[in-house]
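Let me begin by presenting the structure, written as structure tokens, before commenting on it.
The shown structure was predicted, so the numbers you read here are calculated from the model rather than taken from an experiment.
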Amino acid sequence: MLNIVIFGPPGAGKGTQAVKLVEKYKLVHLSTGDIFRANIKSGTELGKLAKSYMDKGDLVPDEVTIRMLESEVNKQSNAKGFIFDGFPRTTAQAQALDKFLEGKKLSITLTLALEVEVEELTRRIMLRGKDSGRADDQDESIVRNRVQEYNTKTAPLKDFYKKQGKLRSVDGSGNVDEIFKNLSKEVNKMIE
Ligand code: ADP
């Protein structure tokens with residue numbers, strides 16, 4: 001099984017690249033942000049809870065996020081592999097994911113980290129906010145808080161995966177196809 005974590009700050013292009021990787025390598029795409037937004041739309045309890053954090057640009061608590069992710073993985077019995085997009089975002093989530101996969105005799109194959117400058121991130125997110133309708137993409141102070149959450153809670157995961165020898169950093173500042181080519185190169189090295 002090919003299990004990929006796509007990693008990077010908000011606005012780095014994780015979702016865009018994940019969709020392309022899913023198509024190329026026939027993986028199941030699990031985006032925690034998308035799953036939360038679907039729950040908000042359909043008015044579930046989980047959605048209500050998640051919304052109260054997302055609207056402020058805070059991370060949703062680990063316990064709920066981990067439980068949700070695990071249940072989504074368990075729904076996919078025929079998957080050839082997964083791409084985890086927006087998960088893990090904390091050390092506790094990364095540890096829980098390793099343990100959960102281990103229980104299924106699986107593991108993360110590699111973590112692709114998209115590197116983009118902060119100014120470029122804010123510019124992209126505000127641009128996306130204009131037509132995505134995402135409230136958390138439209139307010140500069142919320143965007144700043146998301147970047148802050150990333151810097152304090154998520155960025156340390158680079159070391160976590162580096163220590164496991166799984167981190168592959170890729171420049172995320174060019175055009176979509178160029179970035180995709182570079183990501184694919186890293187994936188191909190693992191499967192050839
Ligand atoms: P982006 O990567 O642009 O921030 P996402 O759609 O991945 O967008 O995430 C949107 C929001 O959903 C986050 O700001 C956070 O509130 C919540 N969220 C998504 N994934 C997680 C996670 N793994 N842990 C906690 N909160 C999460």
Side-chain angles (χ1 to χ4, degrees), residues 3-23 27-77 79 81-101 108 111-114 116 121-122 124-158 160-161 172:
N3 296 312
I4 300 175
V5 171
I6 185 133
F7 183 89
K14 298 184 293 290
T16 305
Q17 295 296 335
V19 168
K20 295 173 80 71
L21 290 164
V22 160
E23 196 188 343
L27 306 170
V28 170
H29 184 195
L30 291 182
S31 158
T32 41
D34 286 352
I35 301 167
F36 283 138
R37 279 185 289 276
N39 274 274
I40 293 171
K41 214 170 162 192
S42 55
T44 67
E45 284 306 310
L46 173 67
K48 279 178 207 155
L49 179 94
K51 187 174 180 346
S52 66
Y53 293 92
M54 289 167 78
D55 280 353
K56 290 184 271 180
D58 290 340
L59 291 184
V60 179
D62 282 337
E63 203 193 292
V64 231
T65 307
I66 291 166
R67 204 179 331 123
M68 175 190 84
L69 191 277
E70 293 184 352
S71 112
E72 292 294 325
V73 172
N74 285 335
K75 282 184 199 163
Q76 306 285 344
S77 48
F82 290 94
I83 180 148
F84 299 100
D85 166 8
F87 186 94
R89 267 178 146 107
T90 63
T91 306
Q93 291 180 13
Q95 287 167 339
L97 181 60
D98 275 356
K99 207 167 142 202
F100 173 69
L101 292 176
I108 294 299
T111 294
L112 297 168
L114 289 168
V116 183
L121 294 174
T122 321
R124 285 187 191 178
I125 294 174
M126 300 300 283
L127 202 69
R128 181 172 71 183
K130 282 191 187 148
D131 43 37
S132 75
R134 274 179 59 174
D136 64 342
D137 281 351
Q138 293 176 27
D139 180 315
E140 210 171 322
S141 71
I142 298 173
V143 173
R144 256 201 305 274
N145 188 41
R146 283 160 61 200
V147 174
Q148 173 82 2
E149 287 278 78
Y150 171 81
N151 286 335
T152 55
K153 298 177 182 166
T154 310
L157 287 184
K158 273 203 215 173
F160 179 94
Y161 286 113

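We find the OG1-OH distance between T111 and Y161 to be 5.0 Å, quoted to the nearest 0.5 Å. Between the NZ atom in K56 and the CG atom in N145 there is a gap of 9.5 Å [rounded to 0.5 Å]. Put simply, CD1 on I125 and CG on D136 are 8.5 Å apart, with the number rounded to the nearest 0.5 Å. Taken to the nearest 0.5 Å, the NE2 atom of H29 stands 11.0 Å off from the CD1 atom of I4.
Remark: side-chain polar atoms of R144 are not paired, donor with acceptor, to backbone N or O of T122 under 3.5 angstrom. When atom types are taken as modelled, the side chain of R89 and the backbone of L59 share no donor-acceptor pair closer than 3.5 angstrom. When atom types are taken as modelled, the side chain of N39 and the backbone of I35 share a donor-acceptor pair closer than 3.5 angstrom.
A salt bridge between R128 and D137 is present, with a side-chain N of the basic residue lying under 4.0 Å from a carboxylate O of the acidic one. Taking the charged nitrogens against the carboxylate oxygens, D62 and R67 have no contact shorter than 4.0 Å, which rules out a salt bridge. Salt bridge E23/K20: absent, no basic N to carboxylate O contact under 4.0 Å.
A pairwise comparison of heavy atoms in I66 and A96 identifies CD1-CB, 3.7 Å as the closest pair.
Within 6.0 Å of CD on Q76 lie more than 12 heavy atoms contributed by other residues, nucleotides or ligands.
Between F82 and F84, the two ring planes are parallel [angle under 30°; tilted spans 30° to 60°].
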Begin with the C-alpha distance, continue with both residues' side-chain angles, and end with the deciding distance and a verdict on salt bridge (charged side-chain N to carboxylate O under 4.0 Å, His left out) for E149 and R146.
CA-CA 5 Å; E149 287 278 78; R146 283 160 61 200; over 6 Å; no
